[in-house]
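Read the numbers this way: they start at 1 and go in the same order the structure lists the ligands and their atoms.
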Amino acid sequence: VNSTLPATVIWQQGQLQLLDQRRLPEQISYLEINTLAQACEAIRTLAVRGAPAIGIAAAYAMAVVAGGVAEARRLAELEAAAQALQAARPTAVNLSWAVQRMLRLARSDIRLERLRAEAEAIHDEDRSLCRAIGVNGQHLITPGCRVLTHCNAGALAVSELGTATAPLYLAHAAGVEFRVFADETRPLLQGARLTAWELAQAGIDVTLICDSMAATLMAQGEIDMVIVGTDRVTRNGDVVNKIGTLNLAVLCHHYQLPFYVACPSSTFDAQTPSGAAVHIEQRPASEVLDGRAAQVKALNPAFDVTPAALVTGLITDRGLLRYADANPLAPLLDAATQTSRS
Ligand code: MRU
């Protein structure tokens with residue numbers, strides 16, 4: 001569907017390469033990841049970013065670590081690597097989900113080929129989760145509709161169809177005409193640099209807006225719905241996503257517009273009761289100041305929490321879960337139980 005895009009994660013014969021998203025869209029270049037330190041640095045500095053993509057990259061990084069050490073010392077090295085990778089970015093649950101899944105396997109089967117196969121399975125599953133999200137959300141994209149999205153929950157953040165973009169890609173492939181508005185997403189401009197670029201490459205009608213324009217567009221009746229991705233959905237249905245997502249949810253409530261969140265089951269955190277318990281990553285002030293007035297203070301929380309009460313529904317691989325329904329999150333709780341058993 002978007003075959004013109006460069007792959008976010010490349011894994012060939014035990015070699016890991018990550019698309020350097022900091023340089024997009026001007027430059028398409030890859031980082032070779034041969035060590036744990038390189039993997040942690042790539043995740044921490046957002047060379048690879050987006051909740052599912054950092055999980056996939058970390059799973060392969062565990063396989064890289066495993067390949068560099070004798071079998072007798074492998075489990076101890078992997079336990080240490082897991083700690084380091086998880087600490088690289090604290091908010092997206094996919095990172096610890098993928099790393100813990102690799103560790104669970106390592107504790108029962110330490111063979112290198114098994115660990116590599118597990119990382120590949122995490123990557124493959126992600127592709128099918130995205131496709132299922134697309135199938136379950138495609139009907140929301142009706143002819144003429146205007147969708148606002150935030151940050152980048154597209155192919156670059158995941159694999160192939162992305163999450164929030166999966167219904168868009170499938171609707172586009174089916175010939176439905178619609179428009180997308182992409183928030184530029186200060187301070188790191190994932191919307192401007194990544195989402196607008198990736199959708200335009202796919203031939204989707206996309207218009208870039210400043211984050212501060214959303215209210216005006218909604219007031220003018222120019223938006224029909226918001227679809228965003230997420231870094232973590234907690235047990236009570238709160239949604240953690242890129243800073244500025246909460247603004248959109250509040251606006252949707254005011255203007256009575258649907259607010260959907262695309263959430264693969266790997267992003268559902270059944271262990272954490274609510275968004276209040278999630279560690280929100282604080283990033284350097286320099287990203288906000290961007291070279292201006294170094295004597296000025298700046299805040300830079302990378303994510304916010306949208307309370308479940310403001311969410312219309314989750315578009316998941318398990319179906320479209322509407323928050324107004326009884327037990328809307330039951331399918332994700334089932335998925336979480338199955339994953340922790342496997
Ligand atoms: O800081 P980033 O660029 O990693 O933030 C990414 C987001 O907030 C995405 O919306 C989220 O990870 C979902 S990606 C499918």
Just jot down the ring-ring contact (aromatic ring centres under 6.0 Å, His included) partners of Trp11, sequence neighbours excluded, or say none. Tyr60
Considering only Ile, Leu, Val, Met, Phe, Trp and Tyr, and joining two whenever side-chain heavy atoms are under 4.5 Å apart, list the other residues clustered with Val288. none
Heavy atoms of Arg318 and Asp334 approach each other most closely as NH1-CB, 4.5 Å
So that I can tick it off, tell me whether Glu118 and Arg101 are bridged by a salt bridge, with the cut-off set at under 4.0 angstrom between side-chain N and carboxylate O. yes
Write none if no such pair exists; otherwise list each N/O atom of ligand 1 with its protein N/O partner under 3.5 Å and the distance.
from, atom 1, to, atom 2, distance (Å)
ligand 1, 1 (O), Arg89, NH1, 3.4
ligand 1, 1 (O), Arg89, NH2, 2.8
ligand 1, 1 (O), Lys242, NZ, 2.7
ligand 1, 3 (O), Arg49, NE, 2.6
ligand 1, 3 (O), Arg49, NH2, 3.3
ligand 1, 3 (O), Gln190, NE2, 2.9
ligand 1, 4 (O), Gly50, N, 2.9
ligand 1, 4 (O), Arg89, NH1, 2.7
ligand 1, 8 (O), Asp231, OD1, 2.9
ligand 1, 8 (O), Asn241, OD1, 3.1
ligand 1, 8 (O), Lys242, N, 3.4
ligand 1, 10 (O), Asn241, OD1, 2.8
ligand 1, 12 (O), Ala51, N, 2.8
ligand 1, 12 (O), Asp231, OD1, 3.2
ligand 1, 12 (O), Asp231, OD2, 3.0

Looking only at side-chain N and O atoms, does Arg131 offer a donor or acceptor that is under 3.5 Å from a partner on Tyr169? no
Enumerate the ring-ring contact (aromatic ring centres under 6.0 Å, His included) contacts for residues 288-315, please, sequence neighbours excluded, ordered by first and then second residue. none
